[in-house]
Amino acid sequence: MNAYARYFLKKSGWYLVTLLIALILNFLLPRLIEGNPVSTIASQVSQGMTDSDSIKKVYDNFMKEFGVDKPLLAQFGIYLKKLVTGDLGTSFGLYPRKVSDILMAAVPWTVALQLPAILVGWIIGNVLGAVAAYRKGVFDKVLFPAALFVNSIPFFTLAIIMLYLLAITLKWFPMSGGYDYQMVPHFSLDFILSVLRHHTLPFLSIVLVTIGGQAIGMREMSIYELNSDYVLYSKLLGIRDSRVARYVFKNAMLPQITGLALSIGTMVGGSLICEIVFSYPGIGTWLFTAIRQLDYPLISGCTLLIALTVLLANFTIEIVYGIVDPRIKASQMEEN
Amino acid sequence: MKHSAGILIRSPKFMFGAIMLLLMVALVVIVPLINRADPLSMEALAFQPPGGGLLLGSDNFGRDLFLELVYGIRTSIMVGLVAGVFATIIGLAIGLLCGYAGGFLDNILTAVTNMFIVIPSFIILILISVSINSRSSLLVALIIGLTSWPWTARAVRAQTSSLRNRDHVNLAKISGHSTPKIIVFEILPYIASYVVMAFILQVASGILSEASISMLGLGPYNTISLGIIMNWALVFEAPVAGAWWAFIPAAFSIAVITFSLYMINTGMDEIFNPKIRSERA
């Protein structure tokens, strides 16, 4: 078996265990709510209902879904079995809609917002950071504190300020939603334009904050590499600057890729809240609604989905990284 | 020690951060002494603009926003500190244990640490907060600390395991010093600056976590924090009402506090880690 296959298997094994732990946390924590969660919840859901028959129906339905009468391990078995078939239970707040249906409708919005925003922010941030480290001088003196300041503003704060300035005061962009509310989603130029207009502000606010964090990291890595011995040596050998810069940035870039992998978790958390500010119809807004209504199945559906996505993203990056980074390749060899 | 303090004072970044932070702390200590009013009492009509008797106007319930802001900053800083201390203690303990003990224990704990780095801590934070019905600000701080230790643990482990085989540590071992003594006197002093910097970052991220979780409506009860002020502004649609004073000052305060903490951290980093100074030494 070659080194990479072993690396791959080892990583896959660890990620499977991590996945299991994430599932257990997601299963166990909401069940720690004091008392019988079903009666607490069913009484909240059925508050508006007067017909005792339908109250009983709601109660029985949730009893069956939670399976609280069975031992915990059996409950976990049921939970896993349902999960595999894609059944995440029924929403309390939007009874009787299925959690999986709600999430299915929200995912495209979130992906279309966050994936481009995080990638664009990451690329611009890295370029700026590298240039700041290389050029030094005024550019660095201005960019670095600015990036640091943007980075210390929480995602949602920047979002709220942009919402106020650009959407409410200047009225350049719409305030909330994913498209004009009088429209029905369909394939037409009008609708696409409306979606784009609503997309701009949340997109920009995520991009800006991502730029800040990435620029700081890249600047630091580049300065570290620029001060290292091999750079001095290459310069003494008379190798052209542009070539040295290429070595430096290749070396500085690799930790930034891991950085991307590791910070995806925080980024996703942060930009979810950004969705809430703009009432963007993605996972974040549903999570906010679910928390306000104590809609436990929807909450755990959202958290599960986010955890799974982050795990998958990290796994993919680590697997690719194993091919790209010579240092990891070397450590694979050593183990043999 | 005296030497490092002298260098720190000459670092503009460190001083800038430290002075800003001290000003903030002074504000939240002094204002409640002068103005003894209850920040939750109603003083005016809803969403009154700044001016008149109220420095920062009033919120949706007609409460004095300046006073709320002061108490909010106090809660946020306290939550950040407690969360930072808690996360640093757990991270330090696990990191030292892993790095110094090595072997099987190290493998297990490192694996656990790596798992909790990958599972988004924000999600665990939401799940725990949802399942606990009455959250005090102390409890929220502890939960944040409980979910944010892995970064410190990983860094401390890496440093400790590289120190473990140094000559001075071996010498102490041969001299028959006990393990706790070796850790305290031969290992800790070498990673102390690093731990302090990690602690500062943990405080900053604790403040951000509290703000995020409070924005979601999962913050502490019966108190005011910067995140809670933002949550109120959002829930009661202050942006729509044009009441910028209900959320901009709170948002700005969070940014200023975390910014000054980052500045302190960067200033210290450049001193303890000369390799990353941008001017070549």
Side-chain angles (χ1 to χ4, degrees), chain A residues 14-15 17-18 21-22 25-26 29-34 133 136 140 144-145 148-149 151-158 160-161 163-164 167-169 175 219-220 223-224 227-228 262 264-266 268-270 272-273 276-277 287-288 291-292 294 296 299-300 302-303 306-307 310-311 314-315, chain B residues 13 111-112 114-133 151 204-205 207-209 211-212 215-218 227 230 233-235 238-240 242 244 247-248 250-252 254-263 266 269 274-281:
Chain A
W14 278 120
Y15 270 91
V17 179
T18 315
I21 290 183
L25 283 176
N26 220 57
L29 287 173
R31 279 170 178 72
L32 294 180
I33 305 165
E34 275 171 60
K136 299 176 190 168
D140 186 33
F144 179 65
L148 204 58
F149 189 69
N151 188 44
S152 50
I153 303 177
F155 276 87
F156 53 81
T157 305
L158 193 70
I160 242 179
I161 293 173
L163 174 78
Y164 179 72
I168 297 175
T169 313
M175 263 179 55
R219 174 186 173 272
E220 210 152 287
I223 292 175
Y224 183 84
N227 285 349
S228 61
L262 291 176
I264 280 178
T266 13
V268 168
L272 284 179
I273 299 188
I276 300 170
V277 172
L287 185 61
F288 186 49
I291 287 173
R292 285 172 69 181
L294 287 180
Y296 293 104
I299 295 174
S300 64
C302 290
T303 51
I306 297 161
V310 173
L311 280 187
N314 278 291
F315 181 66
Chain B
K13 282 184 187 136
V112 172
N114 286 342
M115 280 178 207
F116 280 97
I117 281 182
V118 180
I119 301 175
S121 59
F122 190 61
I123 293 303
I124 305 180
L125 196 58
I126 291 177
L127 284 173
I128 298 181
S129 305
V130 164
S131 9
I132 298 174
N133 276 326
W151 293 100
S205 85
I207 290 173
L208 290 185
S209 297
S212 312
M215 277 282 283
L216 277 176
L218 289 172
M230 307 269 290
L234 211 61
V235 170
V240 185
W244 57 267
F247 52 90
I248 301 271
F252 197 68
I254 299 175
V256 168
I257 297 172
T258 41
F259 179 59
S260 38
L261 285 168
Y262 283 143
M263 280 310 241
T266 317
D269 206 10
K275 261 197 159 175
I276 62 156
R277 266 180 234 171
S278 69
E279 319 78 77
R280 250 197 115 128

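A note on names: the letters A, B, ... follow the listed sequences, proteins ahead of strands, and every chain is numbered from 1. What you are looking at is a predicted structure, and each value in this text was computed from that prediction instead of being measured.
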Proximity breakdown for A:Ile291 and chain B, heavy-atom pairs closer than 4.5 Å
side chain
Is A:Leu287 close to chain B through its backbone or its side chain, or both, or neither, when contacts mean heavy atoms under 4.5 Å?
side chain
On a heavy-atom basis, the closest approach of B:Leu125 and B:Ser129 is O-OG, 2.7 Å
Below 4.5 Å from any heavy atom of chain B, which atoms of A:Leu311 appear? Answer side chain, backbone, both or neither.
both
Any side-chain heavy-atom pair of B:Met215 and A:Ile276 under 4.5 Å:
no
Could you list the residues that satisfy side chain to side chain contact (heavy atoms under 4.5 Å, CB included) with A:Ala133, not counting sequence neighbours?
A:Arg219, A:Ser222, A:Ile223, A:Leu226
Derivation and outcome, side-chain contact (heavy atoms from CB on, under 4.5 Å), residues B:Ile207 and B:Leu261:
CA-CA 11 Å; B:Ile207 290 173; B:Leu261 285 168; 4.2 Å; yes
Please round to the nearest 0.5 Å and tell me the distance separating atom OG1 of B:Thr258 and atom CD1 of B:Ile254.
7.5 Å
Interchain contact, B:Leu216 with chain A, by part (heavy-atom threshold 4.5 Å):
both
Would you mind checking which part of B:Val235 comes under 4.5 Å of any heavy atom in chain A, side chain (CB onward), backbone (N, CA, C, O), both or neither?
side chain
Apply ring-ring contact (aromatic ring centres under 6.0 Å, His included) to B:Phe116 and list each qualifying residue two or more places apart in sequence or on a separate chain.
none
Answer with side chain, backbone, both or neither: which region of B:Ile248 has an atom nearer than 4.5 Å to a non-hydrogen atom of chain A?
side chain
What part of B:Leu127 lies closer than 4.5 angstrom to a heavy atom of chain A: side chain, backbone, both or neither?
both
Under 4.5 Å from any heavy atom of chain B - which part of A:Tyr15
side chain
